[in-house]
Number of protein chains: 2
Amino acid sequence: MTPLSAASGVENVLRILEGRWKLVILFHLFGGKVLRFSDLERAIPAISQKMLIQQLRQMEADGIVRRIVHHQVPPKVEYCLTDWGQALCRALDALLKWAALREAEA
Amino acid sequence: MTPLSAASGVENVLRILEGRWKLVILFHLFGGKVLRFSDLERAIPAISQKMLIQQLRQMEADGIVRRIVHHQVPPKVEYCLTDWGQALCRALDALLKWAALREAEA
DNA sequence: CAGAATCCGTTATGATACTG
DNA sequence: CAGTATCATAACGGATTCTG
């Protein structure tokens, strides 16, 4: 694998993960949890509604989050990870370990 | 590990990797290669000098790139990965595989 | 050669108010 | 409740010029 193709492969992942809040959302949904929009708002107080919905929509478009709409009044919408999303979380494990070792050093 | 601590751990990595060119530089230096500033410029034609030096400096500050100055005229400066940098490349492997599977799907 | 300094347009993010 | 719309600002990236 050439340096460039490897980099472009990782770059696609980075593009999916980039965005101030994607990882926070990802890990809040990790483990099969199903959360409502307002649950996520409460879980991540620092995020604005605009950012929350924007990042969720992008993650949905990237196939790592599933949006479940219950047609009722008042509206109820739930979010959870797709299988790809779960797999992504696990794939981040090596990076987590690298980071942990690093902080231990410092 | 709580979702938040996990996310913050990965976020530190993401912060290190974020920047339009970090990964490209990383993979160009992977495998113990030692390149001059001008080598990197040639290897990555699309990058501007400003971005190249900026990203290199940040990577140096993050301890993943080493800068070697040869005091001579004309100046000669070389860059290579630190052990942490090499380890980071390897830690990206799981992500690469995830991305590869995904593209195969699509 | 290897930068530093400056200007400038684009994009990302945030605050606020409004709605079906 | 779960958004949308609008405006403002901050961060990012690029082009150009200059220098030890």
Side-chain angles (χ1 to χ4, degrees), chain A residues 4 7-8 10-29 33-62 64-81, chain B residues 7-8 10-29 33-62 65-81:
Chain A
L4 274 175
S8 94
V10 185
E11 278 190 4
N12 289 336
V13 187
L14 263 282
R15 191 190 47 70
I16 288 174
L17 292 179
E18 93 190 345
R20 178 79 181 73
W21 304 100
K22 296 256 181 82
L23 283 171
V24 181
I25 296 171
L26 195 66
F27 279 89
H28 271 286
L29 291 176
K33 284 199 284 290
V34 180
L35 297 179
R36 298 181 63 161
F37 187 84
S38 51
D39 292 332
L40 285 167
E41 280 191 291
R42 262 186 300 279
I44 315 170
I47 197 175
S48 66
Q49 278 193 326
K50 174 187 170 182
M51 278 300 108
L52 180 54
I53 190 62
Q54 182 187 103
Q55 310 263 298
L56 282 170
R57 288 280 151 89
Q58 289 176 14
M59 294 168 84
E60 192 191 355
D62 286 327
I64 61 180
V65 158
R66 176 173 11 256
R67 180 167 176 267
I68 305 156
V69 183
H70 302 270
H71 291 283
Q72 59 184 55
V73 179
K76 176 178 178 179
V77 180
E78 294 177 313
Y79 294 90
C80 62
L81 293 187
Chain B
S8 92
V10 185
E11 278 192 3
N12 289 336
V13 187
L14 262 283
R15 191 188 46 70
I16 288 174
L17 292 179
E18 94 190 346
R20 179 80 180 71
W21 303 101
K22 297 257 182 81
L23 283 171
V24 181
I25 296 171
L26 196 66
F27 280 89
H28 270 286
L29 292 177
K33 284 198 283 291
V34 181
L35 297 178
R36 296 182 63 164
F37 187 84
S38 51
D39 292 333
L40 285 167
E41 279 191 291
R42 262 187 300 278
I44 316 170
I47 197 176
S48 66
Q49 278 192 327
K50 173 188 170 182
M51 278 301 109
L52 180 53
I53 190 61
Q54 182 188 103
Q55 310 264 296
L56 282 170
R57 287 283 150 88
Q58 289 175 15
M59 294 168 85
E60 192 191 354
D62 287 328
V65 158
R66 178 174 8 257
R67 180 168 176 265
I68 304 156
V69 183
H70 302 269
H71 292 283
Q72 59 184 55
V73 179
K76 175 177 179 179
V77 180
E78 295 179 312
Y79 294 90
C80 63
L81 293 187

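Per chain, numbering begins at 1; letters A, B, ... match sequence-line order.
- Taking atom CD of residue A:Gln54 and atom P of nucleotide C:dT11, one finds them 14 Å apart after rounding to whole Å.
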Could you walk me through whether B:Arg20 and B:Ile47 pass the side chain to side chain contact (heavy atoms under 4.5 Å, CB included) test, one step at a time? CA-CA 9 Å; B:Arg20 179 80 180 71; B:Ile47 197 176; over 6 Å; no

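- Regarding A:Glu78, its CD atom lies at a distance of 14 Å from the P atom of D:dC1, rounded to whole Å.
- Considering every non-hydrogen atom in both B:Ile16 and B:Lys22, the closest pair reads O-NZ, 3.3 Å.
- Between A:Val69 and A:Arg67 the shortest heavy-atom distance is CG2-NH1, 3.6 Å.
- For A:Ser38, a side-chain nitrogen or oxygen approaches OP1 or OP2 of D:dA2 to under 4.0 Å.
- Taking atom CZ of A:Phe37 as the reference point, atom C1' of D:dT4 lies 11 Å away to the nearest angstrom.
- Applying a 4.0 Å cut-off to non-hydrogen atoms, the residues of residues 14-21 of chain A that approach DNA chain C are A:Gly19, A:Arg20, A:Trp21, listed by residue number.
- A straight line from CD1 of A:Ile68 to P of D:dG3 spans 12 Å, rounded to a whole angstrom.
- Between A:Tyr79 and D:dC1 there is no side-chain polar atom (N or O) within less than 4.0 angstrom of OP1 or OP2.
- An OP1 or OP2 oxygen of C:dC1 is reached within less than 4.0 angstrom by no side-chain nitrogen or oxygen of B:Arg36.
- Distance CE (B:Met51) to P (C:dA4): 13 Å, rounded to an integer number of Å.
- In terms of heavy atoms, A:Leu81 sits closest to A:Arg66 at O-NH2, 4.2 Å.
- For the atom pair CG of B:Asp39 and CD1 of B:Ile44, the computed distance is 10.5 Å after rounding to the nearest 0.5 Å.
- The distance from atom CD of B:Glu41 to atom P of C:dC1 is 9 Å, rounded to the nearest whole Å.
- Atoms CG and OH, from B:Leu56 and B:Tyr79 in turn, are 5.0 Å apart once rounded to the nearest 0.5 Å.
- Side-chain N/O atoms of B:Arg42 include none lying less than 4.0 angstrom from OP1 or OP2 on C:dA2.
- To the nearest angstrom, P of C:dG3 lies 9 Å from CD of B:Glu60.
- For the side chain to side chain donor-acceptor pair (under 3.5 Å) test with A:His70, the passing option among A:Glu78, A:Lys76, A:Arg36 is A:Glu78; the others fail.
- Phosphate proximity of D:dA2 to A:Arg67: absent, as no side-chain N or O sits under 4.0 Å from OP1 or OP2.
- Residue A:Pro75 is the one, among B:Gln55 and A:Pro75, whose nearest nucleotide of DNA chain D lies closer to the 5' end (criterion: closest heavy atom).
- Between the P atom of C:dT19 and the CD1 atom of A:Ile53 lies a distance of 19 Å, rounded to the nearest Å.
- The side chain of B:Pro74 lies closest to C:dC1, out of C:dC1, C:dG3, C:dT13.
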